[in-house]
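Since the structure comes first, as structure tokens, the remarks are kept for the end.
Given the structure is predicted, the values throughout are model-derived calculations rather than measurements. In what follows, chains carry the letters A, B, and so on, assigned in the order in which the sequence lines appear, proteins first and then strands, with residues in each chain numbered from 1.
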2 protein chains.
Amino acid sequence: MARWETITGELREAIIRGEIAPGTTLPRETDLEERYGASRTTVRRAVEELEAEGLVEKVRRRGTVVRRSPARTRLTRSRRVYRDDIGYFFDRTAQGWRALETPTITRVPAPADVARLLGVEPGGDVTARSRIMGEPDTGEATQVAVSYLSPDAVAELPVLAEPDTGPGGIYDRMEEAGHSPLEWEEAISARMPSPEEARLLALAPGVPVLRIVRTTRTPGGRVLEVNATVLSAERFEIGYAIDRDTSATP
Amino acid sequence: MARWETITGELREAIIRGEIAPGTTLPRETDLEERYGASRTTVRRAVEELEAEGLVEKVRRRGTVVRRSPARTRLTRSRRVYRDDIGYFFDRTAQGWRALETPTITRVPAPADVARLLGVEPGGDVTARSRIMGEPDTGEATQVAVSYLSPDAVAELPVLAEPDTGPGGIYDRMEEAGHSPLEWEEAISARMPSPEEARLLALAPGVPVLRIVRTTRTPGGRVLEVNATVLSAERFEIGYAIDRDTSATP
DNA sequence: CAGTGGTCTAGACCACAAC
DNA sequence: TTGTGGTCTAGACCACTGA
């Protein structure tokens, strides 16, 4: 085992056992050098590992602070989609967030999974409607939502590529155009953020993002839109209840 | 901007644009030193960043390889729990995996969120049933599932702390003891793996894990068990369909 | 404004695995 | 076998920010 791994291990154990409490700092780097008889590089390598695991955060002039995990906000995914006068919504708990600005319309290379769903070649440009959602009061960003539009859908309904799509948004426009009732499904995964996502969402190092991909289909099964929402995995979890299939219980 | 950030940025862009194709290698470290006129430390710092983002993987004697993301397997969460002769199951697609060994019973400090659900003090020891699930053929581990048992439940039903809990497993034992029908809910989040999880699941650096936490309650709302399943976020996604609440549509 | 972490250099030897 | 990345040293100067 490398020297730095030994140091990482001892520090990690002390943190998990609570000997170094959340909010307090690890010994400063020069102290760790002395304690372990290692060079600064080695000590820093050891602490970098803890940072990548999301256990500590380095703060200039203060030291390496043991992170306290914030309580996660639960998003309760509706297993039914609801709508009100404004439009469709997919989450009973999302009412507190608002788009912080008008959607940005760009043409971007579709991510591999989105390209597959939209049926365009990987790396091909598609129209994207990007929104940053957050707390209206503080301006704090909590989610980055990008809606990738099928080229066919944009050709049929150019309004989908306008910043303002009118009452009810893109889904109402699609349904008015004869694609009613739309069908949706969602998939949840996670990955490390891009540097831009980390900046927008103010993510600490070592914090992954949850990615919710919602696919919109016509009743015939044609994909009109893929919405990818990215949010801090440290601050959010996605919950749902499970119904018992009583008919099958012996 | 630090010199290493510049290097990271250029390499990242080349990777995303496909100029350095998945499966091929970045220039070797000595070449990067020369190209950027930087020391080895600086070059390595730049590449470490790409590794932490999950974009590249370092392979000895071969070089720094651009990773190709494996296709994700979709777990379709049932919104209903089913059961057959074996017991309850929560996923229509999980049939291919089997426990690779008998459950390990240990007493471990409950993770903070689990402690909260079980109503024990943070850091307090609870009984844990740990299972490694995987491909029966290859022995490859795909999921680590730990079932944390409420102290009350173990006191009432000591069999829950036995490796073999009999036909139907712990849920059948609980229901036989009068807690029928059990109720479940799930929450999905993500985090970076512990070193042990990374080893067990053979995770590359920069790959987070999905964590599915399922809570088992009595009809009266008492929490009997919390099951935490951890799986590679790169190899799995969790999907579900969304039903339309037709009654509410105008 | 001083002390913390951040960046960078130049050089050395090691360990592993693909060739 | 040997070239790749892995580890480690000793030392220097910088930049930010909280005491």
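Of the candidates C:dC8, D:dA12, D:dC8, D:dA12 carries the atom nearest the A:Arg40 side chain, counting heavy atoms from C-beta on. Of the listed nucleotides (C:dT9, D:dT9, D:dT7), D:dT7 has the atom at the smallest distance from the side chain of A:Ala2.
Looking only at side-chain heavy atoms (C-beta outward), A:Val47 and A:Leu32 come within less than 4.5 Å of each other. Between B:Gln143 and B:Leu100, every side-chain heavy-atom pair lies at or beyond the 4.5 Å cut-off. The closest side-chain heavy-atom distance from B:Leu201 to B:Pro193 is not below 4.5 Å.
Note on A:Arg44: a base of the nucleic acid sits closer than 4.0 angstrom, heavy atoms only. Within the nucleic acid shown, A:Thr41 comes within 4.0 Å of at least one base atom, counting heavy atoms only.
Summarising the geometry, the separation between CD on A:Glu57 and P on C:dT4 is reported as 18 Å, rounded to the nearest angstrom. In this entry the distance linking CD of B:Glu48 with C1' of D:dT7 reads 12 Å, nearest Å. Rounded to an integer number of Å, the gap from CD of B:Glu29 to P of C:dG11 is 17 Å. Going from atom OH of A:Tyr36 over to atom P of D:dT7 covers 17 Å, rounded to whole Å. Spacing between atom CZ of B:Arg28 and atom P of D:dG3 amounts to 9 Å, rounded to whole angstrom units.
Distances shown here put every side-chain N or O of A:Arg3 at or beyond 4.0 Å from the OP1 or OP2 atom of D:dC8. Note on A:Lys58: every side-chain N or O is 4.0 Å or more away from OP1 and OP2 of C:dT4. Within the structure, a side-chain polar atom (N or O) of B:Thr42 is placed less than 4.0 Å from OP1 or OP2 of C:dT9.
Between A:Trp4 and B:Thr64, the residue anchored nearer the 5' end of DNA chain D, judged by the nucleotide with its closest heavy atom, is B:Thr64. Comparing A:Met1 and B:Leu26, the nucleotide of DNA chain D nearest to each residue sits closer to the 5' end for B:Leu26.
In this structure, the side chain of A:Arg107 engages the main chain of A:Asp125 through a donor-acceptor pair within 3.5 Å. Between the side chain of A:Arg214 and the backbone N or O of A:Ser147 there is no donor-acceptor pair closer than 3.5 Å.
With hydrogens and angles left out, the side chain of B:Arg45 and the base of C:dG6 share no donor-acceptor pair within 3.5 Å.
The residue from A:Glu237, A:Glu234, A:Arg74, A:Arg72 that alone fulfils the side chain to side chain donor-acceptor pair (under 3.5 Å) condition with B:Ser189 is A:Arg72.
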Fill in: Contact letters for nucleotides 14-19 of chain C, in which S counts primed atoms plus P, OP1 and OP2 and B counts the base, heavy atoms under 4.0 Å
-BBBB-
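In summary, the side chains of A:Glu225 and A:Thr216 do present a donor paired with an acceptor at a separation below 3.5 Å, with no hydrogens or angles considered.
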